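Numbered from 1 within each chain, the chains take letters A, B, ... in sequence-line order. Computed from a predicted model, the values in this text were never measured in an experiment.
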Amino acid sequence: MSFTYVGSINDNLICCICRATFIDPCTTRTCSHTFCRECITTALSVSPTCPVDRSPLTVEDLILADPVVRNLVNELLVECPNKAAGCRDTPQRQLLDAHLRGSCEYMKAEDTTEDVGSNVVSKETLEAHLDEGVNAVFFISHNILNIINQQPSAESSAVRCSLCQERVPRSSLSSHIPACQDTVVSCTHASNGCSWEGRRSDLSGTHIPSCPYESIKGFFAIHEQKVSSLKAENDVLKHKVEQLEGLVRVLTRESGILKEALGPWYRAGSSGSVPSSSFQSYNDQILRPNAGYATSTTPANARYPDQASPFDVEYPDQMDSLASYFPRLEEDEQYASPQTSTDYQLDRRIQPPVLYLPRSLHPQSAYHVPHSGPSSSHQPQPPSHPSLLPLPTATITTSTSTSTPTLAPGPPPSAITPTSPIAPLNLSGNLFGALTSLHNSLTTLSSSVDSLARQHEVHIATEAMRNTEELRSLRTVLHGLRMQVHSIMMDRNAQMAGRPGGEGQASGPEINDPRDGPWIPPFPIPRFPHSSVSPGPVTKL
Amino acid sequence: MAVSSRRLQKELTEIKTAGTPCGITLLKADDFQTWFLSLEVLGESQYKGEVFALMFRFDPQYPISAPAVQFVVDDKYKAPLHPHVYSNGHICASILGGEWSPVLSVIAVCITLQSMLASCKEKKRPPDNDRYVAHAPDNPKKTRFVYHDDEV
């Protein structure tokens with residue numbers, strides 16, 4: 001539908017495809033170009049690019065043009081198509097349709113007598129209406145009948161209701177239809193099952209008194225109430241079930257994650273007794289080292305008071321499993337403590353992560369540290385948490401630091417560096433046990449590394465010293481040789497001086513007295529060739 | 001009215017009111033199927049002084065579909081000697097094929113062709129000219145041009 005616009009149109013409101021004013025303008029989301037909806041849709045069906053800048057574009061990228069643009073275009077004044085008939089009106093484009101339907105006095109006669117008995121406008125008229133370019137949204141949101149009735153200055157043309165043959169003003173037609181006595185309705189109890197249909201006047205008159213559903217409408221009401229309360233309860237229960245399901249899902253997911261995290265240590269079923277007992281006994285083992293700990297009121301003991309006696313019993317079992325994690329000791333006599341009791345034997349076994357360093361590198365005092373009881377400041381602290389094992393590491397670092405000054409009297413290196421076997425990962429224990437064994441292995445490793453470092457230092461120091469010595473002696477020898485040569489040359493010079501002008505100055509260059517300054521060698525020293533040749537031409541990038 | 005007619009009507013009114021650019025004149029536009037325009041390259045160029053004629057043929061889908069454009073070859077006009085212009089007047093230009101956009105117009109095409117001629121360095125025929133002309137269809141839009149070089 002083409003309009004004849006009044007006045008000149010701003011170029012910005014012209015669609016570049018059809019070169020006409022926008023009809024239902026839409027803008028591209030991607031490149032902000034505006035076209036008529038029909039124009040751009042057709043263009044995109046041929047080539048999915050924006051006609052202006054050829055950027056990729058699809059119909060999904062089209063959005064309604066800015067309301068400002070739409071209003072500008074909708075409010076443009078157009079000439080009434082009935083201009084030929086004499087209509088001089090220039091309504092806004094969006095109001096043209098309303099003008100034609102209502103206020104245009106020059107409309108042809110047959111346009112007014114429409115059959116409005118049916119409640120629905122025919123599809124063709126509606127489509128034609130939309131094609132007019134009027135803002136479709138504005139109209140569709142209303143009752144369809146209102147479209148026909150919306151006339152600001154409508155003449156009250158009376159229309160006949162096709163059913164009851166009553167003359168009704170067109171504007172009140174919509175309100176008449178629900179009340180029209182001749183409309184076909186169904187029984188009021190249709191929702192309960194009554195299938196009667198008939199004219200509204202018949203409903204109240206003949207059907208209701210004889211309708212079987214009418215007499216039991218009380219029951220229907222009660223029944224309805226019950227059903228609705230049951231439904232409400234059902235909804236609540238459904239909601240609860242959903243929540244629980246969600247919770248279950250979350251829990252399963254979490255347990256799955258935990259399972260994965262634990263890996264081989266995941267024990268399906270109950271093995272609750274194992275972790276706690278092994279943990280506790282291990283704790284006590286650490287704390288046990290000497291009599292001082294076992295009976296003293298250390299915080300750990302206070303924490304596990306019930307363990308004071310029973311752990312003696314289970315001690316040996318746990319010890320055996322953990323003993324393998326502790327590296328073998330080479331010599332026993334380094335320990336000054338008595339070795340009679342088996343308990344103490346086991347104590348010593350526990351010690352190794354702390355003590356395990358080549359004895360040659362550590363003064364006895366370091367070993368005594370853990371033995372000295374609560375008085376020493378190097379005591380391992382009871383772990384505050386099962387997963388923390390600060391003891392061995394802390395002790396090792398302190399003991400190594402104290403051992404440094406004793407490096408000088410180095411014993412032969414051959415007695416040093418025993419091997420430190422690392423126990424394999426024990427999957428049969430619990431996670432905690434495995435972790436602690438790993439930790440212990442780590443500490444032994446670190447201690448052996450430390451010891452290696454010490455030895456290395458020792459080696460290097462001795463080596464350096466020897467080298468210095470040798471250098472010194474060489475220097476002395478060289479000096480002596482120099483002196484000899486010097487004396488020989490002096491003799492020669494003296495001889496030469498005895499025969500002046502003879503063979504010329506064949507004595508060679510002047511010999512500097514070494515005491516005078518820098519010594520110049522009596523023979524030319526070959527100069528080391530400087531790298532006077534520059535490296536090949538740099539590759540230009 | 002068909003979309004093409006409305007659009008061509010608009011273009012025609014625009015030409016009649018605003019005129020044509022320099023070097024381009026409207027020769028004949030009686031219907032909405034075929035238009036003729038003349039083209040001359042102004043300024044210093046290889047085609048100084050030569051006048052050519054362009055024939056535009058529109059289909060009902062214009063401007064969604066590109067017009068068929070070719071140089072007129074008859075006793076009065078000749079096809080320009082250009083690496084993208086065949087001796088039968090067919091033109092190998094991207095905007096007439098894949099790069100056509102509904103935003104373009106008849107005048108826009110003329111200006112593009114004008115600049116294409118003006119920027120030509122060497123007057124010669126396309127390398128496959130004889131082979132193409134021997135088997136060329138009547139409508140250049142039927143040809144699947146392969147656009148090789150961009151410099152010319």
Side-chain angles (χ1 to χ4, degrees), chain A residues 1-28 30-59 61-62 65 73 76 78 81 93 128 131-133, chain B residues 1-21 26 29 31-33 35 37 56-69 93-112 139-142 144-145 147 150:
Chain A
M1 165 85 192
S2 61
F3 304 96
T4 334
Y5 292 88
V6 174
S8 61
I9 309 297
N10 190 310
D11 278 344
N12 292 309
L13 301 176
I14 306 282
C15 169
C16 52
I17 296 181
C18 61
R19 300 293 165 92
T21 324
F22 287 127
I23 293 179
D24 189 13
C26 18
T27 310
T28 62
T30 48
C31 47
S32 302
H33 294 129
T34 312
F35 314 91
C36 307
R37 187 178 292 274
E38 199 186 319
C39 295
I40 187 62
T41 323
T42 327
L44 287 176
S45 66
V46 167
S47 167
T49 52
C50 169
V52 174
D53 59 13
R54 297 204 185 107
S55 60
L57 190 67
T58 59
V59 276
D61 296 322
L62 298 174
V73 169
L76 287 172
V78 296
R93 198 178 79 172
D131 282 348
E132 299 291 291
Chain B
M1 283 209 289
V3 181
S4 64
S5 318
R6 255 183 282 155
R7 163 72 186 250
L8 286 167
Q9 178 64 53
K10 288 268 184 311
E11 286 196 46
L12 197 54
T13 6
E14 206 180 310
I15 291 175
K16 293 240 162 78
T17 52
T20 52
L26 181 67
D31 54 26
F32 294 130
Q33 264 74 50
W35 287 11
L37 286 93
F56 286 76
R57 275 178 288 179
F58 308 101
D59 61 20
Q61 308 307 318
Y62 179 85
I64 303 295
S65 72
V69 186
S94 55
I95 63 154
L96 296 174
E99 300 269 306
W100 168 258
S101 160
V103 174
L104 297 172
S105 65
V106 171
I107 300 290
V109 172
C110 290
I111 293 173
T112 312
N139 189 327
K141 282 182 76 175
K142 297 208 174 82
R144 288 269 164 275
F145 285 110
Y147 308 112
D150 296 319

Short N-O contact, B:E99 and A:R54, less than 4.0 angstrom: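 So B:E99 pairs with A:R54 through a salt bridge.
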Which atoms of A:C39 approach chain B - backbone, side chain, both or neither, heavy atom under 4.5 Å: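 Only the backbone of A:C39 comes within 4.5 Å of chain B.
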Give, as side chain, backbone, both or neither, the part of A:T42 having an atom under 4.5 angstrom from any heavy atom of chain B.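 Both backbone and side chain of A:T42 come within 4.5 Å of chain B.
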Check whether B:Q61 gets within reach of chain A through its side chain, its backbone, both or neither, counting any heavy atom under 4.5 Å.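 Contact with chain A involves no heavy atom of B:Q61 at all.
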Over all heavy atoms of both residues, which pair between [X] and [Y] is shortest? Give the atoms and the distance, please.
{"X": "B:S105", "Y": "A:R19", "answer": "CB-NH2, 3.7 Å"}
{"X": "B:V103", "Y": "A:C16", "answer": "CG2-SG, 3.5 Å"}
{"X": "A:V46", "Y": "B:I64", "answer": "CG2-CG2, 3.3 Å"}

Donor-acceptor pair, side chain of B:R7 and main chain of A:I17, under 3.5 angstrom: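 Such a contact is found between B:R7 side chain and A:I17 backbone.
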